[in-house]
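Written out below as structure tokens is the structure these notes cover.
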Amino acid sequence: MATAAAAVLLSPPPSSAAKTPLPTASHHSFPSKIPAGARPPTTKLFASSSSSSSSSRTLSPKSPPTSAAAEEERVFFDGGAHYGDLLANLLLGFTLLWLPLTLAAVSRAFFLRYRFTNRRVTVISGFTGQDRSDFPYSSIQDVQVVPRFIGEWGDLVITLKDGTKVDLRSVPKFREIADYCLSMADGSRRGSEEKRGGGPRGF
């Protein structure tokens, strides 16, 4: 009887019977294939740079277009003395009296150059063209022409406002160039008068 009572006391109650544990997932259930000491693989994300570049790109304001006519210097005439001046003086250079004039014609033909643009008059001389003189049309007071050799070429005598006279010898198309210089001088004079008067005045 005592043995039976002890067995009853030692046996656990029916409610405290051991329950079967549910299988739980553990990180030890799946062995890792990564070797020991190696870094785990990382996932790289590549983003397109089109949106970032477009967002970071700043549009600079366009500079106002400058007038090409105001910057460009147009050449009306660019050349040396008329070739007829050299030929005529070479033919007459056989006489000793005409020899100095022949040498002057040779010097003009090879070492003298005239340039008339819409801004200035330029005279280039010298063996290498190092001697150069420029003056604008606004400084011209008067222009006179002297025809040479039945009008094939001629001389221009340009008088500046300060009294200086510029003598251009054996100029081709001397009449057209003289008219061009006078028209440019009148245009620059009218422009300066309009600036001083605050613009054109009406009647």
Side-chain angles (χ1 to χ4, degrees), residues 64-203:
T66 57
S67 177
E71 295 181 356
E72 183 181 1
E73 187 171 3
R74 298 184 302 273
V75 178
F76 178 76
F77 175 81
D78 187 2
H82 196 279
Y83 65 91
D85 176 59
L86 177 62
L87 293 179
N89 283 278
L90 286 177
L91 293 177
L92 297 174
F94 293 103
T95 61
L96 294 178
L97 295 177
W98 204 269
L99 186 59
L101 298 179
T102 303
L103 295 178
V106 172
S107 176
R108 286 193 299 268
F110 290 99
F111 308 114
L112 187 62
R113 193 173 189 85
Y114 307 123
R115 182 179 300 161
F116 298 85
T117 67
N118 60 332
R119 292 184 179 180
R120 61 181 72 95
V121 178
T122 304
V123 181
I124 303 173
S125 59
F127 288 98
T128 59
Q130 72 275 10
D131 298 333
R132 172 172 174 164
S133 59
D134 300 80
F135 54 90
Y137 293 102
S138 58
S139 63
I140 295 178
Q141 183 68 33
D142 188 23
V143 180
Q144 296 178 356
V145 296
V146 181
R148 303 289 184 185
F149 196 76
I150 65 172
E152 289 296 326
W153 62 87
D155 301 342
L156 293 180
V157 181
I158 302 176
T159 305
L160 304 182
K161 291 181 179 180
D162 59 355
T164 305
K165 289 188 177 182
V166 182
D167 193 2
L168 308 181
R169 297 296 185 94
S170 305
V171 180
K173 302 179 181 180
F174 62 100
R175 291 189 177 89
E176 292 132 3
I177 293 176
D179 295 339
Y180 181 77
C181 291
L182 289 175
S183 64
M184 295 299 293
D186 292 339
S188 61
R189 191 179 300 112
R190 285 195 301 268
S192 60
E193 289 177 358
E194 290 178 0
K195 288 181 180 179
R196 287 196 302 266
R201 297 180 181 177
F203 295 99

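These numbers come from a predicted model, not from an experiment.
With contacts defined as side-chain heavy-atom distances shorter than 4.5 Å, the pair Tyr114/Val123 qualifies.
With sequence neighbours excluded, the residues forming a side chain to side chain donor-acceptor pair (under 3.5 Å) with Asp134 are Thr122, Arg132, listed by chain and number. Judged as a side chain to side chain contact (heavy atoms under 4.5 Å, CB included), and not counting sequence neighbours, the contacts of Glu176 are Lys173. Residues that satisfy the side chain to side chain donor-acceptor pair (under 3.5 Å) test with Thr164, not counting sequence neighbours, are Asp162. With sequence neighbours excluded, no residue forms a side chain to side chain donor-acceptor pair (under 3.5 Å) with Ser139. Legend: residues meeting side chain to side chain donor-acceptor pair (under 3.5 Å) with Arg175, ordered by chain and number and at least two apart, are absent. The ring-ring contact (aromatic ring centres under 6.0 Å, His included) test applied to Phe111 returns Phe127, not counting sequence neighbours. By the side chain to side chain contact (heavy atoms under 4.5 Å, CB included) test, Val166 is found to be paired with Phe135, Ile158, Leu160, Leu168, residues two or more places apart in sequence or in another chain being considered. Annotation: ring-ring contact (aromatic ring centres under 6.0 Å, His included) contacts of Phe76 (sequence neighbours excluded): Tyr180. Every residue meeting the salt bridge (Lys or Arg N to Asp or Glu O under 4.0 Å) condition with Arg115, not counting sequence neighbours, appears here in chain and number order: Asp78.
Counting only residues at least two apart or in different chains, salt bridge (charged side-chain N to carboxylate O under 4.0 Å, His left out) contacts with residues 143-152 comprise Arg148-Asp155. Applying the salt bridge (charged side-chain N to carboxylate O under 4.0 Å, His left out) rule to pairs touching residues 87-96 yields nothing, sequence neighbours excluded.
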Mind listing the side-chain donor-acceptor pairs of residues 83-94 below 3.5 Å, one per line with the distance, residues two or more places apart or on another chain?
| from | atom 1 | to | atom 2 | distance (Å) |
| --- | --- | --- | --- | --- |
| Asp85 | OD1 | Asn89 | ND2 | 3.0 |
| Asp85 | OD1 | Arg108 | NH2 | 3.4 |
| Asp85 | OD1 | Ser170 | OG | 3.3 |
| Asp85 | OD2 | Arg108 | NE | 3.3 |
| Asp85 | OD2 | Arg108 | NH2 | 2.8 |
| Asp85 | OD2 | Ser170 | OG | 3.1 |
| Asn89 | OD1 | Trp98 | NE1 | 3.0 |
| Asn89 | ND2 | Asp85 | O | 2.5 |

